[in-house]
K.L.:
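The following block contains the structure, expressed as structure tokens.
Reminder, nothing fancy here: chain letters follow the sequence lines and each chain counts from 1.
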Amino acid sequence: MNEYKFQEIESKWQKYWSDNDSIKCDINSKEKNFYNLCMYPYPSGDLHMGHIRNYTIGDVITRYKIMNGFNVLSPMGWDSFGLPAENAAIKTGIHPKTFTEERIQNMKDQIIRLGSLYEWDREVAAHSMDYYKWTQYIFIKLYKNKLAYKKDAPVNWCGSCKTVLANEQVIEGNCDRCDSIVDQKNLNQWFLKISEYSDELLEGLSQIGDWPENVKAMQQNWIGKSEGAEFSLNIDGTQLSFDVFTTRPDTLFGMTFAVLSPEHPLMKEILTISSNSVELQKYIENAKKKSEFERMSLTKEKTGVDTGLFVINPVNGQPVSLWIADYVLINYGTGAIMAVPGHDQRDYDFAKKYKIEIIQVISDKSRESSIEKEAYVGEGILINSGKFDNLESHTEGSKKIIQFLEENNIGTSKTTFRLRDWLISRQRYWGCPIPLINCEKCGMVPENEKNLPVLLPDIDDYKNTNESPLAKSEEFINTNCPECGSKAIRETDTMDTFVDSSWYFLRFVDSKNKNKPFDAKKVNNWLPVDQYIGGVEHAILHLLYSRFFVKALRDMNYLNFNEPFQNLFSQGMINFGGSKMSKSKGNTVDPESYFATHGADALRLYILFMAPPSDGVEWNDGGIEGTKRFLNKFWENIIILSKLKELDGSNDDESIVRKVNQSINSVSNHLDKFEFNTAVSDLMKLNNDLSDFLKNSENISKNSKDMIIRNICILLFPMAPHIASEIYEDYFNEDLIKTAWPEVDTKNLKDPTYELVIQINGKKRHTRETQIGLEQSEVEEICKVEFDMNLSEFNKIIYIPDKIINFVG
RNA sequence: GCCCGGGUGGCGGAAUUGGUAGACGCGACGGACUUAAAAUCCGUUAUUCGAAAGGAUGUGGGGGUUCGAGUCCCCCCCCGGGCACCA
């Protein structure tokens, strides 16, 4: 052992871990199981820094848990359906499958080159027949349980990607893939009924294990629960009525108008009876032309048209005018509102503009709140509300008015969610075909399970026009009805790739099962995932969909737990040049080059060291020099230490042995808490201490020498496994991964001396190297003697043993 | 507007329960080695007054609690992220 040849060492150990199945869980074990999962990547071809961070963190956990005696399941796979492969196929003609599998191979090589341990025998890929067969199988189960349905709906259409998008994939009116403006289109599309689980998805967040607060908050926002009342309003002089939803039933006496969304289903009838139908017609046409995004953002200025009709306020019988306005959205609540300008700012703005009456019905307790300049939206007590006057708005007031509505059969209390059903149809080729068949006689029929998978057909032209490229394959479309055998036609849309990733963590447990998607016993034994690790960009989409899948599968008796991921860790993004790394910006840093110049261990250490792992951070080339330097120095130190003369009975090493012990304590604590940056700094400190020791010592006991080398290798192993394994093998001739994580010697943690801080009135005045465990009187004596202090001047002395003494007076 | 995070040297960031603010690393500066450079090694590095000893100031701003506050409480400002005409 002399020179630190990291390239040789790293490839040697990577081969060793693979040849020796160093990571292989006993899937049937019931004890000390630990399912450690990193989000499987889209196979873009190259690892980027985000992957490196993700898989390094995951690997630290894997190795740390193994050494702590856990039976660790650590699988990896590929989210391998999706647009880029298809777009490449359109450009180059290469089949998406070929394209994808080449990229998978390349990325897999890089993951191995990073030194991350995965049980590759369990590898899954969303695009493989073995996998998507079961995606289709689950889809059919969802369909049979009425959790998948097809309907006409206004949907988000990306003209550039030529496909529809889920609500979750529209960011400020733009496509989250290509940034083009998303249009609204009316199309017949497949949906999964995630809304059925709105309440449970929300509730689950408070019962789940350790999840980042921001992720929970984002899901909470997205689900958007609001509680209130729904009641019906009758159009005066007609049989027509419509429902409105409000979270403020307490303000009902303040309703001075009502508003329908221009898309409201009652619009036809209203046009025939309204005295203002020409203008109404114009307004509705106009609203239709604007995209949803335009309606929301272009002008906050509210517009609307008076229908000339009136509705009756059910609590006091007063007629109020009925308006049409596009600030009321058709896809939230009932698409109609009671307008209370006194206590809702939007209604207030509208009322001011169209000179509609504004009544105050809530006042703060001091009765000073005014609605002169703006709506009063706070809590308070009811006024101008008949027999409900003086009740507290948000408690009794709401309750009593809802009670009144219920008693008179006008309305009920009601909870509304923002969460919409999940639109999963995609008019694209490279995805999982939707396994349903349209039969003229039998209607929509699922493909017979025996015939799964419904294979993606080979086609020549991947371009989609307005429908899926699958529609071009006559062979694919034409089939027979599984029910009656007559000629029938297949669905041609493929599924959103988020469907594939909503259950892959289940398949890993039983990835080779030929008869079903997974074995319930195995899945129930291993799930929920003990530790899930991935980027915060999936906070809503993937994590919410997966939670929904698990709940749906549970209700269909496929599994018996409620949440897929017990603990979640979201790593922050790595930026470069002040913004997110992306190929289009040309600001990427290629991790692979560092394998050659600095080595995987140095890269891993740097990525762990650069910042707390949940923070976003700026890439900095100088930093990796630092961790490389540390590894070199560490290597040198071990050489010097191993050659140090052995002399039993020498006491020189007491202090360095204690420092190693302190590091065991500190590194363990930091790893337990995902504080990898400080765990690395602990090791750097220890290495510096070791350097100092080696400079000043000529001999060491054999025991101490072994103890230092053994433990320093163990502590380094989760984070820099190659170099640690090499040194350990060289010195002990053993496989480090089979070594147990050390116990802390709690009796040897404290240094025998400390730096006493002497304060006068809370200000530091002196410090002094002092023995630990002294009585206050002894410390006072030191102050008296050494610093010439007159203790009688002070009227109070505060002594914190082994830390500080503060003289007050 | 609402909901989450944050704000500490030139930079990334450390600081058990309130107890020496700035660990560790990067960068910078000075020195050694070298013909020279790189690498390596040694030292300095919050600001400020001072020749030094030693002071003073300092964790976004302002108040407060405390012997003692980066840490706890109140008010305000700024940055990042999410949601948003959601009734």
K.L.:
Tell me which nucleotide, if any, is Watson-Crick or G-U wobble paired with B:G80 when both distances must be under 3.5 Å.
P.N.:
B:C4
K.L.:
I'd like the C1' distance from B:G27 over to B:G10, given in whole Å.
P.N.:
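8 Å, rounded to whole Å.
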K.L.:
For A:Ile804, check side-chain contact (heavy atoms from CB on, under 4.5 Å) against everything at least two apart and list the hits.
P.N.:
A:Val757, A:Gln759, A:Ile800
K.L.:
Have A:Asn632 and A:Glu636 got a donor and an acceptor in their side chains that come within less than 3.5 Å?
P.N.:
no
K.L.:
For the C1' atoms, the ones on B:G30 and on B:A23, what distance do you get once it is rounded to whole angstrom?
P.N.:
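These two C1' atoms come out 24 Å apart once rounded.
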K.L.:
Over all strands shown, is A:Lys414 touching base, sugar-phosphate only, or nothing at heavy-atom distances under 4.0 angstrom?
P.N.:
nothing
K.L.:
Taking atom C1' in both B:C74 and B:G80, compute the distance separating them and give it to the nearest angstrom.
P.N.:
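It comes out at 25 Å once rounded to the nearest Å.
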K.L.:
Enumerate the protein-to-nucleotides 22-29 of chain B contacts in which both atoms are nitrogen or oxygen and the separation is below 3.5 Å.
P.N.:
from, atom 1, to, atom 2, distance (Å)
B:A23, O2', A:Lys685, NZ, 3.1
B:G25, OP1, A:Asn688, ND2, 3.2
B:C26, OP1, A:Arg629, NH1, 2.7

K.L.:
What residues form a ring-ring contact (aromatic ring centres under 6.0 Å, His included) with A:Phe807, not counting sequence neighbours?
P.N.:
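In terms of ring-ring contact (aromatic ring centres under 6.0 Å, His included), with neighbours along the sequence ignored, A:Phe807 is linked to A:Phe794.
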K.L.:
How close or far is atom P of B:A14 from atom CE of A:Met610, stated in whole angstroms?
P.N.:
13 Å
K.L.:
What's the CZ-C1' distance between A:Arg53 and B:G12, to the nearest Å?
P.N.:
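My rounded result for the distance is 11 Å.
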K.L.:
Taking A:Asp344 for its side chain and A:Ala339 for its backbone only, find out whether a donor-acceptor pair lies under 3.5 Å.
P.N.:
no
K.L.:
Using the side-chain contact (heavy atoms from CB on, under 4.5 Å) criterion, which residues pair with A:Glu625? Sequence neighbours excluded.
P.N.:
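Partners of A:Glu625 under the side-chain contact (heavy atoms from CB on, under 4.5 Å) test: A:His598, A:Arg629.
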K.L.:
Taking any heavy-atom pair under 4.0 Å as a contact, classify A:Asn221: base, sugar-phosphate, or nothing.
P.N.:
base
K.L.:
Which residues pass the ring-ring contact (aromatic ring centres under 6.0 Å, His included) test with A:Phe676, not counting sequence neighbours?
P.N.:
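By the ring-ring contact (aromatic ring centres under 6.0 Å, His included) rule, A:Phe676 matches A:Phe674.
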K.L.:
Output the rounded distance in Å from CG (A:Leu694) to P (B:C41).
P.N.:
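To the nearest whole Å, that distance equals 13 Å.
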K.L.:
Want to settle it: does A:Ile804 or A:Gly335 sit nearer the 5' end of RNA chain B, counting the closest nucleotide to each?
P.N.:
A:Ile804
K.L.:
Dump the pairs, protein N or O against N or O of nucleotides 54-58 of chain B, anything under 3.5 Å, distances to one decimal.
P.N.:
from, atom 1, to, atom 2, distance (Å)
B:A56, OP1, A:Arg765, NH2, 3.3
B:U57, OP2, A:Lys763, NZ, 3.2

K.L.:
Keeping to residues at least two apart or across chains, list the salt bridge (Lys or Arg N to Asp or Glu O under 4.0 Å) pairs with something in residues 682-692 of chain A.
P.N.:
A:Asp692-A:Lys695
K.L.:
Quick one: what's the B/S/- string for nucleotides 65-73 of chain B, heavy-atom cutoff under 4.0 Å, read 5' to 3'?
P.N.:
--B------
K.L.:
Syn or anti for B:G9, given that syn means the glycosidic angle lies within 90° of 0?
P.N.:
syn
K.L.:
Please list, chain by chain and in numerical order, all residues satisfying ring-ring contact (aromatic ring centres under 6.0 Å, His included) with A:Tyr354, sequence neighbours excluded.
P.N.:
A:Trp323, A:Phe350
K.L.:
In residues 243-251 of chain A, what residues come within less than 4.0 Å of RNA chain B, judged by heavy atoms?
P.N.:
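Within residues 243-251 of chain A, the residues near RNA chain B are A:Phe245, A:Thr246, A:Thr247.
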K.L.:
Without decimals, in angstroms, what is the distance between A:Leu419 CG and B:A84 P?
P.N.:
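In whole Å, B:A84 P lies 12 Å from A:Leu419 CG.
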K.L.:
For a 4.5 angstrom cut-off between non-hydrogen side-chain atoms, does A:Asp326 reach A:Tyr283?
P.N.:
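Side-chain contact under 4.5 Å: yes.
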K.L.:
From A:Ser413 OG over to A:Ile401 CD1, what is the distance, rounded to the nearest 0.5 angstrom?
P.N.:
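So the gap between those two atoms works out to 14.0 Å.
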K.L.:
Tell me: NZ of A:Lys302 to P of B:C86, nearest whole Å?
P.N.:
8 Å
K.L.:
Can you tell me the Watson-Crick or wobble partner of B:U57, both distances under 3.5 angstrom?
P.N.:
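Pairing partner: B:A46.
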K.L.:
Say you pick atom P in B:A56 and the same atom in B:G70; how far apart are they, in whole Å?
P.N.:
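So the two P atoms sit 16 Å from each other.
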K.L.:
Can you tell me the base-pairing partner of B:U17? Count Watson-Crick or G-U wobble geometry only, both distances below 3.5 Å, and say none if there is no partner.
P.N.:
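Partner of B:U17: none found under 3.5 Å.
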K.L.:
When you measure from the side chain of A:Val617, which nucleotide among B:G19, B:A87, B:G13 comes out closest?
P.N.:
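It is B:G13.
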K.L.:
Give a yes-or-no answer on whether the side chains of A:Asn331 and A:Glu263 include a donor-acceptor pair shorter than 3.5 Å.
P.N.:
no
K.L.:
Below 4.0 angstrom from OP1 or OP2 of B:C42, is there any side-chain N or O of A:Lys695?
P.N.:
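True: A:Lys695 side-chain N/O within range (under 4.0 Å) of B:C42 OP1/OP2.
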K.L.:
Looking only at atom types and distance, does a side-chain atom of A:Asp615 sit under 3.5 Å from a main-chain N or O of A:Val617, one as donor and one as acceptor?
P.N.:
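Not at all, since once roles are kept as given, no pair shorter than 3.5 Å links the two residues.
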K.L.:
Let's see if you can work this out: which of B:G5, B:U20, B:C86 has an atom nearest to the side-chain heavy atoms of A:Glu213?
P.N.:
B:G5
K.L.:
Output all residues satisfying ring-ring contact (aromatic ring centres under 6.0 Å, His included) with A:His394, sequence neighbours left out; order by chain, then residue number.
P.N.:
none
K.L.:
What nucleotide among B:C83, B:C85, B:G19 has an atom nearest to a side-chain atom of A:Leu329?
P.N.:
B:C85
K.L.:
Considering only side-chain heavy atoms of A:Asn214, which listed nucleotide, B:C4, B:G13, B:C85, is closest?
P.N.:
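That would be B:C4.
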K.L.:
What's the gap between B:A14 and B:C24 when it is taken at their P atoms, as a whole Å value?
P.N.:
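Taking atom P in both B:A14 and B:C24, they lie 14 Å apart.
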K.L.:
With sequence neighbours left out, write down each residue that passes side-chain contact (heavy atoms from CB on, under 4.5 Å) with A:Glu357, or none if nothing qualifies.
P.N.:
A:Thr256, A:Ile359
K.L.:
Without decimals, in angstroms, what is the distance between A:Met573 CE and B:G81 P?
P.N.:
8 Å
K.L.:
With P as the reference atom in both, quote the distance from B:C2 to B:C85 in angstrom, rounded to an integer.
P.N.:
16 Å
K.L.:
Whole angstroms only, please: what is the CG-P distance between A:Asp344 and B:C2?
P.N.:
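Distance, rounded to whole Å: 15 Å.
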K.L.:
If each of A:Pro612 and A:Arg346 is mapped to the nucleotide of RNA chain B with the nearest heavy atom, which maps nearer the 5' terminus, i.e. the 5' end?
P.N.:
A:Pro612
K.L.:
If every non-hydrogen atom of A:Thr678 is compared with every non-hydrogen atom of A:Glu675, which pair is closest and at what distance?
P.N.:
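So the two residues come closest at OG1-O, 3.0 Å.
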K.L.:
In whole angstrom, give me the gap between the C1' atoms of B:G19 and B:C11.
P.N.:
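29 Å, rounded to whole Å.
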K.L.:
For A:Arg418 and B:G82, what is the distance between atoms CZ and P respectively, to the nearest whole Å?
P.N.:
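Between P of B:G82 and CZ of A:Arg418: 13 Å.
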K.L.:
Write down the distance separating the P atoms in B:G12 and B:G63, rounded off to the nearest Å.
P.N.:
28 Å
K.L.:
Within the distance-only criterion (no hydrogens, no angle test), does the side chain of A:Asn669 pair as donor or acceptor with the backbone N or O of A:Asn665 below 3.5 angstrom?
P.N.:
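A pair under 3.5 Å: yes.
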K.L.:
Under a 3.5 Å threshold, yes or no: a donor from one side chain and an acceptor from the other, between A:Asp621 and A:Tyr606?
P.N.:
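Side chains of A:Asp621 and A:Tyr606: no pair found under 3.5 Å.
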